[in-house]
Protein chains: 2
Amino acid sequence: MPTAGPPPRRRVTMSDVARRAGVSATTASFVLAGRTDMRISEAARQRVQEAARALGYRPNAIARSLRTRSTRTIGLVSDTITTTPYAGEVIRGALEAARDREHLLFITETGGDPGAEPGLVDALLDRDVDAVIYAAMYTRTVAPPPQLRGRRVVLLNCLAPGFCAPSVVPDERGAGRTAARALLEAGHREGVWAVGGRGLAHRPPDGLLAGHDRLRGLTEELAAAGAALAGTSECGWEADDGRRAVAELLARGGPAPRALVCATDRTAFGAYQALADAGLRVPGDVSVLSFDDQDFASWLRPGLTTLALPHHALGRAAVDLVLGGPRPLAPEVHRVPVPLRARGSVGPPAAGGGRVHSPGADGERQGRERTT
Amino acid sequence: MPTAGPPPRRRVTMSDVARRAGVSATTASFVLAGRTDMRISEAARQRVQEAARALGYRPNAIARSLRTRSTRTIGLVSDTITTTPYAGEVIRGALEAARDREHLLFITETGGDPGAEPGLVDALLDRDVDAVIYAAMYTRTVAPPPQLRGRRVVLLNCLAPGFCAPSVVPDERGAGRTAARALLEAGHREGVWAVGGRGLAHRPPDGLLAGHDRLRGLTEELAAAGAALAGTSECGWEADDGRRAVAELLARGGPAPRALVCATDRTAFGAYQALADAGLRVPGDVSVLSFDDQDFASWLRPGLTTLALPHHALGRAAVDLVLGGPRPLAPEVHRVPVPLRARGSVGPPAAGGGRVHSPGADGERQGRERTT
DNA sequence: GTGAAAGCGCTAACAT
DNA sequence: ATGTTAGCGCTTTCAC
């Protein structure tokens, strides 16, 4: 005796529909697939549709896939992307695009363990995904596992030299230029420091690409205006790193910085703290600009002006490309624009040369006033 | 290593393996499935394994699924879960558990549009997922779509009255008690305010469950110590809401608050700002405690003491339950502990009666407090 | 011990 | 204009 719950649901199949409509499975298949390349009488079509609706028919995607070799499914394999605060956005962008194209998305993550990768990719391939998106948390070069060769793959937020697949990455160089322009427009021409981003100054594949390209864009644009970076303070990516780096920057001798270009919003957060500790105001004494646009950027006072890494657009673009791109895919790199979110942290440089805030209630600071 | 060369031509199938091993597909199937309930000679077993390895054989999961009706796949359907900063953690927890059990995870999201839900669920069901996890961004009551009835479902971070499925939610009431205890242990007995969380005081299903249960735990535990909440300041969930609510709280007459229990880290962030604006120090003048444990909680100065909503554990538990739980699943609610992350924002109450500090000159504000 | 044969539910040549 | 037949790659009786 079955339980009182839902009826013992034998799934309704296409031949159930065909039988009820009084046609063959073939005919049913054609009308249900909405195909027109075979002539079906209007009457038959009606009966099939009607039967399908009456029976609550839903095609079995598994059976269909076995036959067609297409699962309408795509796999996302990432290092530790779900860990990062912006990951949600790339996943959401990918999800939206996948939904528009009636595909479902498998998400996997190696958790940073490269040894886990082959197993995950095999699991995806075993399930016959139509395509895979290989994603990295930070823009960098990667080496996708060999099983992926010859498959339909797009690289998200990474570049894979020697692996024939397109990449979708933020336009870091453009972002750097935009950053420079924002500063230039506010009147900054000197005392501009780059802070944060280990490997900021290295070139790929040793450092992160993001840092290298950004810095290039930044310096290029500055140079075009006859200006230059006053210096670079390398440090980690976190708030604490930024705070320490900026504290040291302020403590060292020399002309005071007028603008800080931080590698991440997190380092900018730390920069705000260090600046406040020194009694310096943003943007009155020092302008701050960064990259990411995490949500807290708008909560800070003043709001943090930052270049919004286009996570959502990246996710969307990757899926659109992998599903809708040419066959085979061309191994180009697609650079997605990085818009500026202008908030209050960039302003005109302090009038009268950079000086370190004079001693106040906060405590004695050495008079280190200098003109540049 | 088998395939080092060009892309796989025709996929190698089980009968390829069988042929090479000189056995039937049946035999190959048994040894490859590792089954022992049929006697296979050791020699045959060896040959099959060897052939499979040599050919780089991988079973076709689609074909297998069609036969076995099990896809080793699970679907996650959520409202806008990927949008929230903690979503990454629940996904990661779910991913880990799924991987341990050799399942793959489909992620879908309605984007808050309830009209999108049936389509998404159908897409999942069409692909024959073994189970689905129905998740909500904030703990609340939900009404899963009818197609899900009778399926193997677990509710993640939500409760569905009238829908027979287990739920996995944070132990909000316990969290409230823990919060109270932390305050009590620091010596707080009066001037404790609850701030933030629209619907904090409402009972389900009108308000968010989280708020109701938390508040209950908080008041219960306070009551057990003979203390009570000084009041509740309802407001939204964001930093700005918290800032305004606390500013008003401070501006109104009456005894000054000694401790603030904020609904989210974001409101606590705003509370820090309002407190700093009023020249009040944390925790010297006012203790602050909140819920979430977002990453910035540790960057604030002082570090924010908060109850860490167990997102990762929630994701794991949901998958473990849906895959490993009894058949059928019992509609119980599983409450996951919410650990306290003690940082610096809770301290002993200010000595002497609380008076609202009158804001002095701008220079009187401590730089460090202005940061937030 | 092992293999032949029958499907799982669907699509696509090839008939009529 | 519609039906027949043959698989897709695998599992699983059941017979030898």
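Predicted, not measured: the structure shown is a model, and the values here were computed from it. So that the names make sense, note that chain A is the first sequence line, chain B the second, and so on, each numbered from 1.
- Among the heavy atoms of the strands lying under 4.0 Å from A/Thr26 is at least one base atom, whether or not backbone atoms are also near.
- Of the candidate nucleotides C/dG9, D/dT4, D/dC10, D/dT4 has the atom nearest to the side chain of A/Ser24.
- When heavy atoms are screened at a 4.0 angstrom cut-off, A/Arg45 is found touching no nucleic acid atom at all.
- Using a 4.0 Å heavy-atom cutoff across all strands shown, B/Ser29 reaches at least one base atom of the nucleic acid.
- Counting non-hydrogen atoms under 4.0 angstrom, A/Arg64 reaches the backbone sugars and phosphates but no base.
- In this structure, B/Ala33 reaches neither bases nor backbone, as no heavy-atom distance under 4.0 Å exists between it and the strands shown.
- Atom CZ in B/Phe30 sits roughly 8 Å away from atom C1' in D/dT11 (whole-Å rounding).
- B/Leu66 comes within 4.0 angstrom of a nucleotide base, judged by non-hydrogen atoms across all strands.
- Within the 4.0 Å cut-off from OP1 or OP2 of D/dC10, not a single side-chain nitrogen or oxygen of B/Ser65 is found.
- Which of D/dG3, D/dT11, D/dT2 sits closest to the side chain of A/Ser41 comes down to D/dT2.
- Between the P atom of D/dG9 and the CZ atom of A/Arg127 lies a distance of 18 Å, rounded to the nearest Å.
- Taking each heavy atom of A/Pro59 and A/Arg11 in turn, the nearest pair found is O-NH2, 3.5 Å.
- To the nearest angstrom, C1' of D/dC14 lies 14 Å from CG of B/Asp37.
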Check your understanding: Does the pair A/Val90 and A/Leu156 meet the rule for a side chain to side chain contact (heavy atoms under 4.5 Å, CB included), with working shown?
Key -> CA-CA 9 Å; A/Val90 356; A/Leu156 175 48; 3.8 Å; yes

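- Between the CZ atom of A/Arg11 and the P atom of C/dC10 there is a distance of 7 Å, given to the nearest Å.
- With a 4.5 Å cut-off on side-chain heavy atoms, B/Ile107 and A/Phe106 do not count as touching.
- Remark: C1' of D/dC10 and CG of B/Asp16 are 13 Å apart, rounded to the nearest angstrom.
- Separating the CD atom of B/Gln46 from the P atom of C/dT2 is a distance of 13 Å, rounded to the nearest angstrom.
- In this structure, the CZ atom of A/Arg69 is 17 Å from the P atom of C/dC10, given to the nearest Å.
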Check your understanding: Under the side chain to side chain contact (heavy atoms under 4.5 Å, CB included) criterion, do A/Thr27 and A/Ile40 qualify, and how do the steps go?
Key -> CA-CA 7 Å; A/Thr27 305; A/Ile40 302 282; 3.7 Å; yes

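- Residue B/Arg67 places no side-chain N or O under 4.0 Å from the OP1 or OP2 atom of D/dC10.
- Rounded to an integer number of Å, the gap from B/Ile40 CD1 to D/dT11 P is 13 Å.
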